[in-house]
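Below is one structure, written out as structure tokens, with a few remarks after it.
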Amino acid sequence: MLWTPHSAVWTAAGGTLLTSTDHHYREGLAELSLGPGFFRPESRPARDLSVLLARYQSIHAMRSLRWLDLMAGCGIRALRWGLEALVNPSIETVLWINDGDPDRLPLIQANVQGLGCATRLTADAADRLLHRAIVERHWFDFIDLDAFGAPGGLIQPALQALRFDGLLFLASTDGRSPTGHDRVGAIRSLGAAARAHPSSWEMALRQQIGLVARQAWMLGRGLEPLFSFSEGRTFRLALRLRRQIPAGDEQKLGLVARCERCGAQRVQPLLKLSGWPACHCTDGQGRWSISGPLWIGALQEAPLLQQLIADAQQLGRQQISPSTLRLLQRLQADPGACPTVWSTDELARRLGIGGPPALGQLVQALQAEGYCGSASGVMPGQVRTDAELPQLLQICTSLRVEGI
Ligand SMILES: C[S@@+](CC[C@H](N)C(=O)[O-])C[C@H]1O[C@@H](n2cnc3c(N)ncnc32)[C@H](O)[C@@H]1O
Ligand SMILES: [Zn+2]
């Protein structure tokens, strides 16, 4: 869908509209006009992370780079790349800035004109641009694909247009299908079953990674998730394309089952799929709701996040906002290797107690019992653990008895 611009600018949470068409805006080291099209100040963490990723690539580059801001809007991401991410003057870097709406070009041009690096501006439909790049064998090192709706059909050409070890930063605003609220839509857009789950953002991210991984594998390429996050509206993934599929990665595609009645969860890799054991319903009447195939491997690459945190701290709060830094720290502390996550509200409800258990204490108690335990970095108020539900509930109960 090509979005039709109108004379309004989205502002802070709540979506109030400004009618100014020459709104001056500062973010990071950029100062620019937003123009009359779509812009969300609240997406700042995604833009900060795009800058950090590009900067990371620039620091480690051994040869010239080509970066593509495929759905640039007012051009803010590419402008920030040019001002904040080009840290290696010996590496020639070309910024390709594209938006399908030709009316945006003069604005983008005005915004990036002061940049001292090579830029290329186009107003192509994203699929055309990517397919042309593939035919002409012009690979990109970094593609930022900030789409409306589901990026579906663009994933395959975006992967094909990426250089090996290239980075893809992918957004999807389709939350209904991957969170199980549009089951038909999930079959169509993900080729997967999606069932409602209390950890809905996590499930949506896992569905999305699973989809991209299958598309990369079809090309004989590997895919590494670098980080994955959402605020419930947009689902964002940073991914690295690998020349080869890392050994054993096929085990990372699987099914997640949950019994809505007793809350039990089970995970199985597709490669070793066998029957589902009974859940914990004492009357034997429980039924598994199964989602997938989806990604059951880690969601975050902790060493990379550690590096990005150090970079963010070095750049300071003007360039990387405090909320972005907190997001990075949350994700780094919870790589998400174990896909079973429970909301602490659900645990309180199942125990019939007033308030949820304190997350920090619960994590400590789980670890003390020899289980994996972490506060979910993806969704607030959730605990990630490989403990089964009866053990998890028992640990919550003992915390209450101890009065913690
Ligand atoms: C979410 S906005 C981009 C916001 C921008 N990246 C930012 O950080 O502010 C999506 C942009 O994609 C453009 N667009 C939508 N569909 C497109 C398509 N098929 N090809 C190219 N551009 C498209 C729209 O004109 C819009 O400006
Ligand atoms: Zn059950």
Side-chain angles (χ1 to χ4, degrees), residues 1-11 18 20-55 57-58 65-87 92-130 133 138 140-148 151 154 158 161 167-171 173 234 236 318-321 324:
M1 174 189 66
L2 184 63
W3 204 78
T4 316
H6 54 69
S7 59
V9 176
W10 283 103
T11 63
L18 290 181
S20 162
T21 53
D22 193 24
H23 190 61
H24 239 69
Y25 180 75
R26 279 176 191 219
E27 187 178 287
L29 298 185
E31 193 172 338
L32 71 162
S33 296
L34 298 177
F38 179 94
F39 182 77
R40 294 186 79 239
E42 309 90 301
S43 303
R44 165 98 195 244
R47 289 188 290 272
D48 284 349
L49 290 171
S50 184
V51 169
L52 286 173
L53 268 182
R55 195 170 179 278
Q57 194 173 59
S58 180
L65 295 171
R66 281 157 57 90
W67 294 343
L68 173 62
D69 188 356
L70 185 56
M71 300 199 183
C74 59
I76 186 167
R77 292 182 190 221
L79 176 59
R80 289 194 58 192
W81 290 344
L83 295 170
E84 301 174 56
L86 299 179
V87 287
E92 187 203 350
T93 306
V94 177
L95 310 186
W96 190 329
I97 313 167
N98 180 74
D99 195 279
D101 177 0
D103 292 343
R104 299 227 107 191
L105 274 198
L107 175 74
I108 297 175
Q109 190 143 31
N111 281 336
V112 303
Q113 67 181 351
L115 282 180
C117 60
T119 54
R120 180 166 174 183
L121 271 56
T122 49
D124 265 337
D127 58 337
R128 263 175 61 113
L129 188 156
L130 291 171
H138 282 154
F140 294 103
D141 297 277
F142 182 17
I143 300 177
D144 190 318
L145 204 175
D146 188 24
F148 290 133
L154 293 175
L167 306 177
L168 174 63
F169 193 27
L170 187 68
T173 56
T234 308
R236 300 189 192 269
Q318 188 201 343
Q319 278 178 259
I320 305 300
S321 76
T324 307

Close side-chain approach of [X] and [Y], heavy atoms under 4.5 Å:
X    : Y    : result
R236 : S50  : no
M71  : L145 : yes
L95  : V112 : no

Looking at [atom1] of [X] and [atom2] of [Y], how far apart are the two atoms once the value is rounded to the nearest 0.5 Å?
X    : Y    : atom1 : atom2 : answer
S33  : Y25  : OG    : OH    : 13.0 Å
E27  : R47  : CD    : CZ    : 4.0 Å
R40  : L34  : CZ    : CG    : 13.5 Å
R120 : I97  : CZ    : CD1   : 12.0 Å
H24  : L32  : NE2   : CG    : 7.0 Å
L154 : L168 : CG    : CG    : 10.0 Å

Can a donor-acceptor pair be found, under 3.5 Å and without considering hydrogens, that links the side chain of [X] to the backbone of [Y]?
X    : Y    : value
D124 : L129 : no
Q318 : G28  : yes
D146 : A72  : no

(message) Less than 4.0 angstrom from a charged side-chain N to a carboxylate O is my criterion; do R77 and D69 meet it?
(response)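 The answer is no: the pair does not qualify as a salt bridge.
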(request) Take W81 and T93 through the side-chain contact (heavy atoms from CB on, under 4.5 Å) test and state the conclusion after the steps. (result) CA-CA 10 Å; W81 290 344; T93 306; over 6 Å; no
Non-hydrogen atoms of [X] and [Y] that approach each other most closely:
X    : Y    : answer
Q57  : W67  : OE1-NE1, 2.8 Å
I108 : G75  : CG1-N, 4.2 Å
L130 : A161 : CD2-CB, 4.0 Å
A85  : S58  : O-CB, 3.2 Å
T234 : A171 : CG2-CB, 4.0 Å
R44  : S321 : NH2-N, 3.7 Å

(message) Quick one, R80 with D48, criterion side-chain contact (heavy atoms from CB on, under 4.5 Å). Give me CA distance, side-chain angles, the key distance, then yes/no.
(response) CA-CA 9 Å; R80 289 194 58 192; D48 284 349; 2.7 Å; yes
(request) Show your reasoning for whether side-chain contact (heavy atoms from CB on, under 4.5 Å) applies to L83 and L115. (result) CA-CA 7 Å; L83 295 170; L115 282 180; 3.8 Å; yes
